[in-house]
K.L.:
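Once you've had a glance at the structure underneath, I'll fire off some questions.
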Amino acid sequence: MNPTYQPGEVEARWYEVWESSGSFRPEVNPDGEPFSIVIPPPNVTGALHTGHALDHTMQDIIIRRKRMQGYAALWLPGTDHAGIATQNVVERELRAEGKTRHDLGREAFIERVWTWKAKYGSTITDQMRRLGDSTDWSRERFTFDEGLSRAVRRVFVTLYEENLIYRANRIINWCPRCHTALSEIEVEHEDHVGELIHIKYPFTDGSGYITVATTRPETMLGDTAVAVHPDDERYRDAVGKMLLLPILNREIPVVADEGVERDFGTGAVKVTPAHDPLDFEIGQRHGLEQIVVIDTEANITRAGGPYVGMDRFEAREAIRSELRELGLLDSVEAHSHAVGHCSRCRTVVEPLLSLQWFVEVQSLVDPAMDAVTSGDTTFHPRRWEKNYLNWMENLHDWCVSRQLWWGHRIPAWYCDACGETIVSMDDPTECSCGSSDLRQDEDVLDTWFSSALWPFSTLGWPDDTEDLAKFYPTSTLVTGFDIIFFWVARMLKMGLHFTGQAPFTDILIHGMVRDVETGAKMSKSAGNALDPIELIEEYGADSLRLSLIQAAAPGHDIPLVLDSIDAARRFGNKLWNAVRFVVEFMEVSDVPADGGYPEDPGPEDAWVLARLGEVTAEVDRLLDAYRLSDAFGLLYNFAWAEVFDWYLEMAKSISGADSARQGAMRQTLGVVTRDVLKLFHPVIPFVTEELWSHLGDGTTLLIVASWPEVPHSESPAEITSLQGIVTGIRQFRSQHQIPRKAEMPVIVTTSDALPLWWYNQVASLTGATPRAGDRPDPVAGHTRLSADGVEAFIPLTGLIDVDSERQRIAKSIAELEASIARSRTKLDNPNFRDRAPRDVVALEEQRLAETETEFEKQRIQLSELD
RNA sequence: GGGCGAUUAGCUCAGCGGGAGAGCGCUGCCUUCACACGGCAGAGGUCACUGGUUCGAUCCCAGUAUCGCCCA
């Protein structure tokens with residue numbers, strides 16, 4: 001074995017072995033209870049970013065542990081066809097050739113996207129292999145593959161038949177660059193400091209003006225009313241009168257509507273029903289005309305009169321100037337307000353009146369809320385439940401049609417002869433009116449429509465497949481809080497509606513990986529992403545995984561610091577060298593894949609086995625509670641500080657003992673090291689598998705080895721005093737700069753005799769020579785150590801100067817005095833004695849007694865030094 | 001405007017009713033037969049502020065300040 005761990009070569013080798021051995025398939029545990037996770041499908045155009053690395057590591061940890069615990073564990077991988085994103089990529093490619101998708105036509109374009117997918121679509125799945133994802137590739141799915149497309153169509157048709165999907169003219173969010181409608185949550189709001197412009201609208205009867213305030217003066221071209229609140233005293237007389245719309249000189253009424261916010265601006269608002277959702281509603285209530293003045297290119301339409309063809313933002317400036325010239329510009333003030341941007345391309349979205357398909361979500365909401373409130377599905381951490389429920393209460397219908405080509409085409413046909421709409425599983429050839437002049441809807445479905453079906457469509461629905469019966473509902477969903485609304489909520493709604501069961505029992509929500517420098521969410525579009533593949537090449541996949549998990553406290557954002565990845569890498573090297581030492585120098589090998597705990601452990605063995613048992617139980621508890629970072633933090637400290645430090649150092653001295661003692665030690669070292677590798681395997685699979693190949697008996701891969709079940713072991717009581725005295729001697733040595741080679745006799749006094757191994761370990765761990773003896777009288781000339789009832793005395797002669805020893809004791813005495821004072825204050829308080837729990841009072845009394853004893857001994861020691 | 005979260009060591013963060021923890025960084029010593037990517041030891045904190053609840057508050061409650069996120 002190399003003296004340093006080299007991840008690169010090892011990682012490539014083991015992934016192949018795991019995959020070809022079928023270890024990723026749930027069939028490796030044919031009799032196991034099913035446990036399943038479906039991956040949040042990354043965009044097929046995507047490349048792995050650090051957010052995926054975290055998300056996938058969490059899922060891999062869960063699935064690897066369940067697999068080791070004997071479950072039929074399925075982690076189902078796949079990718080999302082990602083409508084807009086993918087279409088954008090291929091259109092960009094075409095643009096480089098000087099073409100547009102329209103030059104190719106719909107069919108050829110889609111063909112081209114499939115070609116692109118065949119060539120580049122495996123980028124992300126290849127990267128998942130680099131990360132070590134133990135996904136069952138034999139079950140890989142794609143949201144646009146044949147089976148899932150059938151599921152999509154079945155859902156659309158069923159919802160249509162249930163009147164839960166409809167087509168209507170509504171205000172939607174339009175992206176003028178992507179040329180498609182967006183759903184509400186695909187719009188990101190950012191605060192902009194803009195202008196609030198006050199415009200005077202004159203009454204037709206010449207009796208003055210109403211002044212309205214707006215941030216979007218260009219939409220005035222489409223105004224068909226001015227609205228005021230019905231209770232607003234200021235405008236009581238104005239309601240019902242007519243105004244002359246400036247520039248276009250159209251007569252529009254003043255209407256009273258409850259929807260008007262009295263405190264905004266002047267309390268009077270212009271109403272543009274075709275370009276604002278609130279105005280649309282006001283328009284509906286008052287029967288106002290809807291005049292579209294901005295087109296799909298975000299240019300002014302013919303209805304905009306003199307401004308026809310002008311860009312919306314240019315028109316804003318021009319209209320403001322004209323109003324000023326007309327003397328109708330009352331005032332302009334700076335105003336901060338939220339502006340919607342396309343989440344794909346950052347273009348400012350345009351609210352537009354448009355004919356689109358919508359899912360009526362109201363009737364899907366209740367079961368999806370009940371699933372969470374009833375506890376059928378639990379969020380981890382729980383606080384996301386409130387967030388989820390709050391959101392669900394305020395849902396609007398979901399605009400699902402997209403003016404794209406790449407996606408599931410809406411299965412609706414229109415009969416030009418009679419105007420009938422046909423929605424069906426099979427492509428219709430003829431209308432009931434007899435006409436065969438049918439046109440299929442040009443639009444495709446929102447990508448999230450197919451993602452919403454992912455937990456059951458990937459398992460074979462709508463067919464009754466074995467996988468569906470076995471693995472649905474899935475067990476745990478792992479995802480970031482950023483897509484709770486996009487995805488999680490919709491899966492719950494669709495899953496419950498179509499299968500009657502919530503699609504998962506637990507939802508593990510994690511934060512975003514953030515760049516510590518900028519605090520920004522790391523994503524490719526933000527351009528600030530550390531490339532996980534580069535990190536894997538530099539540090540190894542295990543290091544990236546471990547550092548991400550250690551930083552990932554439940555539900556909080558994760559700062560990614562290169563230093564912490566490096567720390568994780570050094571841990572891998574530590575583990576590597578510890579196991580190398582165990583195998584090569586301690587000659588431990590052929591360790592069985594399970595069991596093999598020593599029948600008759602020595603005292604040091606019993607201690608480390610007892611600790612292993614405690615730590616295993618605690619790791620299990622933490623992992624079951626999804627506290628991954630705590631679990632592996634605990635394990636990290638146990639492995640480094642206890643097993644491969646204290647115990648390994650103790651084992652070194654035992655290797656010179658008699659053969660029975662040695663045998664128990666080697667056996668212990670073998671099983672403890674093995675179990676540490678097992679416990680660590682879910683988070684750092686590569687290095688642990690490699691080390692296991694050197695340590696184990698070669699019968700089983702670690703990936704499918706059993707999860708540790710450690711038999712109970714009783715730790716010898718003397719360990720506490722051993723560690724205390726050893727640490728005391730080391731401190732003494734360090735404080736007085738005494739070289740390890742220097743002889744250091746230590747007299748140990750104790751009420752009960754200490755076993756021989758205790759003395760041997762003190763000698764071996766410190767280089768001192770301890771012997772049992774009587775308390776020196778006087779103590780003068782010795783330094784005194786104490787731990788767990790054991791006292792040890794080191795003669796000072798020739799070792800140190802008395803002054804520094806005096807200072808050391810004085811400092812210690814000061815600390816003891818402070819502690820005594822605090823304990824007394826507490827215990828002298830009758831309220832404390834009356835109201836604090838009995839064990840807390842007892843503990844405080846014990847602390848006081850011990851501190852006082854120690855204080856007294858040190859005081860005597862100090863006085864004797866003089 | 002509404003909601004959520006954060007504020008703890010120089011840095012990045014855990015902990016969350018009974019004497020403050022980790023990693024990195026820093027200081028000293030150690031090239032002892034795994035690892036110098038290491039070992040041993042050490043320094044470093046009014047746990048944002050102000051009140052309250054409690055025998056007891058970094059932890060619970062209220063308010064304030066600053067920062068971040070989500071929604072309108």
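Just so we're on the same page: letters track the sequence lines, and every chain starts at 1.
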K.L.:
Taking only the side-chain heavy atoms of A:Asp563 (C-beta and beyond), determine which of B:C24, B:C33, B:C69 contains the nearest atom.
P.N.:
B:C24

K.L.:
Answer yes or no: is there a side-chain heavy-atom contact under 4.5 Å between A:Ile729 and A:Ile725?
P.N.:
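In contact.
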
K.L.:
For B:C37, which nucleotide in any strand shown is its Watson-Crick or wobble partner with both distances under 3.5 Å?
P.N.:
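Its partner: none found.
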
K.L.:
Rounding to an integer number of angstrom, what distance separates B:A57 and B:U66 when you compare their P atoms?
P.N.:
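The same atom, P, in both gives a distance of 28 Å.
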
K.L.:
Using both distances under 3.5 Å as the test, list the Watson-Crick or G-U wobble partner of B:C67, or none.
P.N.:
B:G5

K.L.:
Partner of B:A62 by Watson-Crick or G-U wobble geometry, both contacts under 3.5 Å, or none?
P.N.:
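Check on B:A62: paired to B:U50, both distances under 3.5 Å.
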
K.L.:
Reckon A:Thr851 touches a base, only the sugar-phosphate, or nothing at all at heavy-atom distances under 4.0 Å?
P.N.:
nothing

K.L.:
With respect to the side chain of A:Asp630, which nucleotide from B:C37, B:A41, B:A14 is positioned closest?
P.N.:
B:A14

K.L.:
With side chains defined as the heavy atoms from C-beta onward, is the minimum distance between A:Tyr388 and A:Ile507 less than 4.5 Å?
P.N.:
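Not touching, per the 4.5 Å side-chain cut-off.
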
K.L.:
Can you tell me how far C1' in B:A6 sits from the matching atom in B:G19, rounded to whole Å?
P.N.:
26 Å

K.L.:
The side chain of A:Arg570 lies closest to which of these nucleotides: B:C37, B:C33, B:G28?
P.N.:
B:C37

K.L.:
Would you classify A:Leu648 as touching base, sugar-phosphate or nothing, given that sugar-phosphate means primed atoms plus P, OP1 and OP2, and contacts are heavy atoms under 4.0 Å?
P.N.:
base

K.L.:
If the P atom of B:U8 is compared with that of B:C59, how far apart are they to the nearest Å?
P.N.:
14 Å

K.L.:
Out of B:G19, B:G39, B:G28, which has the shortest distance to the side chain of A:Ser734?
P.N.:
B:G28

K.L.:
Decide whether A:Gln761 and A:Ser653 meet the rule of one side-chain donor and one side-chain acceptor closer than 3.5 Å.
P.N.:
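A:Gln761 vs A:Ser653: donor-acceptor pair found between side chains.
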
K.L.:
Among B:C35, B:G39, B:G18, which is the nearest nucleotide to the side chain of A:Asn577?
P.N.:
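Closest of the options to the side chain of A:Asn577: B:C35.
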
K.L.:
Check every atom of B:G18, B:C4, B:C29 against the side chain of A:Gln737 and return the nucleotide holding the closest atom.
P.N.:
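Between B:G18, B:C4, B:C29, the one nearest the side chain of A:Gln737 would be B:C29.
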
K.L.:
Look through every strand shown and name the nucleotide pairing with B:A14 as Watson-Crick or G-U wobble, where both distances are under 3.5 Å.
P.N.:
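Per the H-bond distance test, none.
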
K.L.:
Classify A:Arg569 by what it touches in the nucleic acid, base, sugar-phosphate, or nothing, heavy-atom distance under 4.0 Å.
P.N.:
base

K.L.:
Quantified in whole Å, what is the C1' atom distance between nucleotide B:C40 and nucleotide B:U54?
P.N.:
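Each nucleotide's C1' atom is 43 Å from the other's.
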
K.L.:
Closer than 4.0 angstrom, basic N to acidic O: yes or no for A:Arg621 and A:Asp624?
P.N.:
no

K.L.:
For B:G56, which nucleotide in any strand shown is its Watson-Crick or wobble partner with both distances under 3.5 Å?
P.N.:
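Here B:G56 is not engaged in any pair, so there is no nucleotide opposite it.
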
K.L.:
How far, in whole Å, is B:G10 from B:G45 if one measures between their P atoms?
P.N.:
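Per the computed distance, 7 Å lies between those P atoms.
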
K.L.:
When we call it a touch if two heavy atoms are under 4.0 Å apart, what does A:Phe571 touch: a base, just sugar-phosphate, or nothing?
P.N.:
nothing

K.L.:
How close or far is atom P of B:C71 from atom CZ of A:Phe485, stated in whole angstroms?
P.N.:
7 Å

K.L.:
Does A:Asn577 reach the main-chain N or O of A:Thr4 with its side chain, forming a donor-acceptor pair under 3.5 Å?
P.N.:
no

K.L.:
Of all the nucleotides listed (B:A41, B:G5, B:C70), which has the minimum atom distance to the side chain of A:Arg383?
P.N.:
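Taking heavy atoms from C-beta onward, the closest nucleotide is B:G5.
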
K.L.:
Describe the nucleic acid contact of A:Arg740 in one word from base, sugar-phosphate, nothing, applying a heavy-atom distance below 4.0 Å.
P.N.:
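Base, at least one base atom sits under 4.0 Å.
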
K.L.:
Does a side-chain N or O from A:Gln735 land closer than 4.0 Å to OP1 or OP2 of B:G42, or not?
P.N.:
no

K.L.:
Is the shortest side-chain N to carboxylate O distance from A:Arg627 to A:Glu618 below 4.0 Å?
P.N.:
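Result for this pair is no, no salt bridge flagged.
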
K.L.:
Which part of the nucleic acid does A:Ser564 contact within heavy-atom distance under 4.0 Å: base, sugar-phosphate only, or nothing?
P.N.:
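Nothing, no nucleic acid heavy atom in range.
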
K.L.:
Categorize A:Asp645 for me: base, sugar-phosphate, or nothing, with a 4.0 angstrom heavy-atom threshold over every strand shown.
P.N.:
sugar-phosphate

K.L.:
Given the ring of A:Phe581, does A:Lys652 sit roughly above its face, with NZ or CZ under 6.0 Å from the centre of the six-membered ring and within 45° of the axis?
P.N.:
yes

K.L.:
Could you please name the option among B:G38, B:A34, B:C69 that lies closest to any side-chain atom of A:Phe481?
P.N.:
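Closest of the options to the side chain of A:Phe481: B:C69.
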
K.L.:
Among the nucleotides B:C35, B:G28, B:G18, which one has an atom lying closest to any side-chain atom of A:Asn573?
P.N.:
B:C35

K.L.:
One pair to check against ring pair (Phe, Tyr, Trp, His ring centres under 6.0 Å): A:Phe379 and A:Trp384. What are the steps and the verdict?
P.N.:
CA-CA 6 Å; A:Phe379 278 85; A:Trp384 288 107; 8.0 Å; no

K.L.:
For A:Ala567, which contact category applies under a 4.0 Å heavy-atom criterion: base, sugar-phosphate, or nothing?
P.N.:
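Answer is sugar-phosphate: A:Ala567 comes under 4.0 Å of backbone atoms only.
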
K.L.:
Heavy atoms only, 4.0 Å cut-off, all strands: where does A:Glu649 land among base, sugar-phosphate and nothing?
P.N.:
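A:Glu649: base contact, heavy atoms under 4.0 Å.
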
K.L.:
Verify the ring-centre separation between A:Phe571 and A:Phe632: is it less than 6.0 angstrom?
P.N.:
no

K.L.:
Could you tell me whether the side chain of A:Lys574 has a donor or acceptor atom within less than 3.5 Å of a complementary atom in the base of B:C35?
P.N.:
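Answer yes: a donor N or O sits under 3.5 Å from an acceptor.
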
K.L.:
Could you work out which one of B:A34, B:G19, B:G5 sits closest to the side chain of A:Ser819?
P.N.:
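Side chain of A:Ser819 sits closest to B:G19.
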
K.L.:
Using a heavy-atom cut-off of under 4.0 Å over every strand shown, decide if A:Lys826 touches base, sugar-phosphate, or nothing.
P.N.:
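Base, at least one base atom sits under 4.0 Å.
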
K.L.:
Whole-Å distance between B:G56 C1' and A:Leu827 CG?
P.N.:
12 Å

K.L.:
Does B:A43 have a Watson-Crick or wobble partner in any strand here, with both distances under 3.5 angstrom, and which is it?
P.N.:
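WC or wobble partner does not exist here.
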
K.L.:
Across the strands shown, which category fits A:Arg833 at heavy-atom distances under 4.0 angstrom: base, sugar-phosphate, nothing?
P.N.:
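Nothing, no nucleic acid heavy atom in range.
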
K.L.:
Closer than 4.0 Å, any side-chain N/O of A:Lys811 to the OP1 or OP2 of B:A43?
P.N.:
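For B:A43, OP1 or OP2 has a side-chain N or O of A:Lys811 closer than 4.0 Å.
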
K.L.:
Provide the distance between the two P atoms, one in B:G5 and one in B:C16, to the nearest whole Å.
P.N.:
16 Å

K.L.:
Answer with base, sugar-phosphate or nothing: what part of the nucleic acid does A:Pro837 contact at a heavy-atom distance below 4.0 Å?
P.N.:
base

K.L.:
If the cut-off is 4.0 Å, is A:Trp391 near the phosphate of B:G2, judged by side-chain N/O to OP1 or OP2?
P.N.:
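No.
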
K.L.:
Which whole number of Å gives the distance between the C1' atom of B:A20 and that of B:G52?
P.N.:
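The same atom, C1', in both gives a distance of 24 Å.
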
K.L.:
Taking the same atom, P, in B:G25 and in B:C33, what whole-Å distance lies between them?
P.N.:
25 Å

K.L.:
B:A20 pairs with which nucleotide, Watson-Crick or G-U wobble, both distances below 3.5 Å?
P.N.:
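Its partner: none found.
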
